[in-house]
Amino acid sequence: MTLRLHNSLTGTKDEFQPLENRHVRMYTCGPTVWNYAHVGNLRAFLFYDLVRRHLRVSGYRVTHVMNLTDIDDRILDQAMHAGTTIAEFVKPYAQAFFEDMAALRAERAEHYPRATEHINEMVDMISTLIENENAYIADGDVYFRIASFPKYGELSHLDRAGLKAGARVAADKYEKESVSDFALWKKAQPADERIGAAWDAPFGRGRPGWHIECSAMSKRYLGETLDIHAGGVDLMFPHHENEIAQSEAANHATFARVWLHSEHLADATGDKMSKSAGSFTTLRHLVNAGHDPLAIRFFLIANAHYRSRVRLSPEALHAAAEQVRRLREFADRVNRTSPSGADDGELARKTADVRAAYRDALDDDLNLPQGVGIVFEHIREANAALDAGRVGPLNQASLLAVIDDLDAHLDVVRAEEPGLAQEVERLIAEREGARKTRDFARADRIRDELRARGIALEDSKEGVRWRRIAPAG
RNA sequence: GGCGCCGUAGCCAAGUGGUAAGGCAGAGGUCUGCAAAACCUCUAUUCGUCGGUUCGAUUCCGACCGGCGCCUCCA
């Protein structure tokens, strides 16, 4: 099967074909660094990670750009209150974003452009739009003239005539020609100067509107036409719609050929997780509550398909952690096996089928949950074969390949575990001594102590194994 | 009001016009000094409700009930 992706523009799963052979240009909407990212944001970012990983697995070279929005109204407000410049205010949150991404094992994008470092590109694009009469200046602000772009609304399939009258459309504060026209540039206010949020431009000193950064920066790093543009569903309108209008009006070229949108993460009550609504959870919250970042990663990308809503719950997180544990357990076991007998032909055939089915699941609009199910089913059979000693050298190699296939997307199995503390080794040896003298009370006491500290012991024919678990209690 | 999504076992969840993957939780068993891990068995005659199309529908169509999203802060 070839890769098919659900394109929001067409509303169907379409066969994916980049413009340039074997090379994909992808732009994804990154964080606005005005606060810590919440796990809903992180779900979208890990979705981008899944896309790029599967593209690479599929043999493409990927140039992936993810922006950091380091100027917007919220940042201005917060910096103003904090009495700092926007650059200073944003710093810890930008750093936290990269820390979160690393903790969740997201691959790094090729570029992480920041809005404030690309003011020139934005000014150039706005100038072009003004020249083309797609934009106009009104009292020092610059607006995009939606009436000049007939395709407007094509992505979100919104009929502007049907918009709820007055819904969240602020009363005309400026001299806009139409309420739907959106700001490309906002005139500098005296307070903006104090916090480093104003720049010179031919059309007046000010700061960029929200949408223009993505149009300008994607062009700078990826050219006029993107193969893939991704983001959360809530960005479809107006953000992505506005990006299309700006870019296509300025460049006279298709902006993005495939649009991917990931669904929301809901909070425990089932409502959308949202900062403004006050109900959101950060990665830090979950980690402090004892959740393993890798279990969180699994939950966010493999518990449900990216286009369906998921509800964050302790039960779901626990189930994810158990699945990660089971995968690691299996990989470890296959690694430890020293195959003695001949290969099992039936097992070999099934393993090959599973690898193909897994690949097909991912090719079908990145259906990782289905892929995971396919692999787990095989793990049960493989474990049974392992129990029966029916695993030969080729079987072993192909079982490891199944795990590698899965881990190319999941990346939770090979992630290294912390080293074994010398004290733990000493305690294990001590317990072995006790067991040899059949002093089981002492042996059990040592095992219980380790368990309380998050180390589980397992006795097997090959010796004592240990692994990290959530500390008891 | 406009546009759209969802409703599958106790929980999470995949899925197909031909008779329900997988995981978690739970019960019993094998193995073990006891455990753990692993495996085996069991846990939805049924996919929100009611109609329709069809030889056959969870899957297509319609209505209804329930939950949710977007309609210029938002991943």
Side-chain angles (χ1 to χ4, degrees), chain A residues 11 28-32 34 37-48 72-74 77 153 156-165 167-170 179-183 210-211 230-239 241-242 261-266 270-277 280 298-299 302-305 307-311 313 315-323 325-326 329-330 332-333 357 361 367-388 435 438 440 443-444 447-448 451 456-461 465 467 469:
Chain A
T28 61
C29 287
T32 298
W34 71 293
H38 66 237
V39 281
N41 298 323
L42 295 171
R43 181 187 187 199
F45 304 153
L46 289 182
F47 164 62
Y48 309 156
D72 86 327
D73 289 353
R74 292 165 298 180
D77 287 348
S156 49
H157 311 110
L158 279 179
D159 175 8
R160 281 190 295 133
L163 296 187
K164 190 175 183 178
R168 291 168 72 184
V169 178
V179 284
S180 302
D181 289 352
F182 57 92
W210 172 35
H211 316 291
V233 276
D234 53 355
L235 259 30
M236 196 183 311
F237 188 89
H239 186 53
E241 204 70 74
N242 292 352
H261 289 100
S262 65
E263 252 302 341
H264 286 304
L265 179 69
D271 294 333
K272 172 181 165 181
M273 187 174 289
S274 138
K275 282 179 187 167
S276 42
F280 68 95
F298 185 101
F299 169 73
N303 180 66
H305 187 261
R307 283 192 289 112
S308 54
R309 250 163 242 144
V310 212
R311 187 183 298 219
S313 71
E315 294 77 15
L317 241 23
H318 170 76
E322 279 302 300
Q323 290 179 83
R325 200 217 85 239
R326 200 162 142 75
E329 201 78 49
F330 176 72
D332 198 35
R333 185 176 183 194
N367 198 336
L368 184 58
Q370 184 174 57
V372 167
I374 289 165
V375 170
F376 270 115
E377 193 176 8
H378 193 57
I379 283 179
R380 184 172 24 79
E381 290 191 34
N383 266 321
L386 250 8
D387 284 347
R435 291 179 75 206
R438 302 190 70 79
F440 293 121
D444 287 349
R447 183 171 61 189
D448 291 345
R451 186 171 192 88
L457 300 186
E458 294 169 10
D459 301 330
S460 70
K461 293 181 190 70
R465 295 169 49 205
R467 62 188 167 85
I469 55 166

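Each chain gets a letter, A, B and so on, in the order the sequences are listed, and its residues count up from 1.
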Once hydrogens and angles are ignored, does a donor-acceptor distance under 3.5 Å link the base of G33(B) to the side chain of Asp444(A)?
yes
Check: C34(B) base within 3.5 Å donor-acceptor of Arg447(A) side chain:
yes
Span that lies between the C1' atom of C6(B) and that of G15(B), in whole angstrom
16 Å
Distance, C1' atom - from G18(B) to C47(B), rounded to whole angstrom:
16 Å
Send over the distance from Arg326(A) CZ to A37(B) P, rounded to a whole Å.
11 Å
Counting only Watson-Crick pairs (N1-N3 plus N6-O4 or O6-N4) and G-U wobbles (N1-O2, O6-N3), all under 3.5 Å, who is the partner of U49(B)?
A63(B)
Considering residues at least two apart in sequence or located in another chain, which fulfil the side-chain contact (heavy atoms from CB on, under 4.5 Å) criterion with Ala321(A)?
Ala295(A)
Please state the C1' separation for the pair G52(B) and C40(B) - nearest whole angstrom.
45 Å
A57(B) and A20(B): how far apart are their C1' atoms, nearest whole angstrom?
13 Å
Nucleotide forming a Watson-Crick or wobble pair with G1(B), both distances under 3.5 Å
C71(B)
Should Val372(A) and Phe298(A) count as side-chain neighbours, where that means a heavy-atom distance under 4.5 Å?
yes
Is Phe440(A) stacked on the base of G33(B), meaning ring centres closer than 5.5 Å and planes within 30 degrees of each other?
yes
Can you tell me, in whole Å, how much space there is between the C1' of A9(B) and that of U43(B)?
8 Å
Looking at residues at least two apart in the chain, or sitting in another chain, which of them share a side-chain contact (heavy atoms from CB on, under 4.5 Å) with Glu458(A)?
Glu329(A), Arg465(A), Arg467(A)
For Val233(A), what residues pass the side-chain contact (heavy atoms from CB on, under 4.5 Å) criterion, not counting sequence neighbours?
His261(A), Glu263(A), His264(A)
Using a heavy-atom cut-off of 4.0 Å across all strands, would you classify Gly40(A) as base, sugar-phosphate, or nothing?
base
Out of A21(B), U72(B), A38(B), whichever nucleotide has its closest atom nearest the side chain of Pro238(A)
U72(B)
Output the rounded distance in Å from CZ (Arg435(A)) to P (A35(B)).
13 Å
Could you run down nucleotides 9-16 of chain B 5' to 3' and tag each one B, S or - for protein heavy-atom contact under 4.0 Å?
---SSSS-
Is there a donor N/O on one and an acceptor N/O on the other, under 3.5 Å, for the side chain of Asp459(A) and the base of C34(B)?
yes
Side chain of Glu377(A) (C-beta onward), nearest among C24(B), G22(B), G69(B):
G22(B)
Who pairs with Phe182(A) by ring pair (Phe, Tyr, Trp, His ring centres under 6.0 Å), at least two apart in sequence or on another chain?
Phe144(A), His211(A)
Please enumerate all residues that pass side chain to side chain donor-acceptor pair (under 3.5 Å) together with Arg43(A), with sequence neighbours excluded.
none
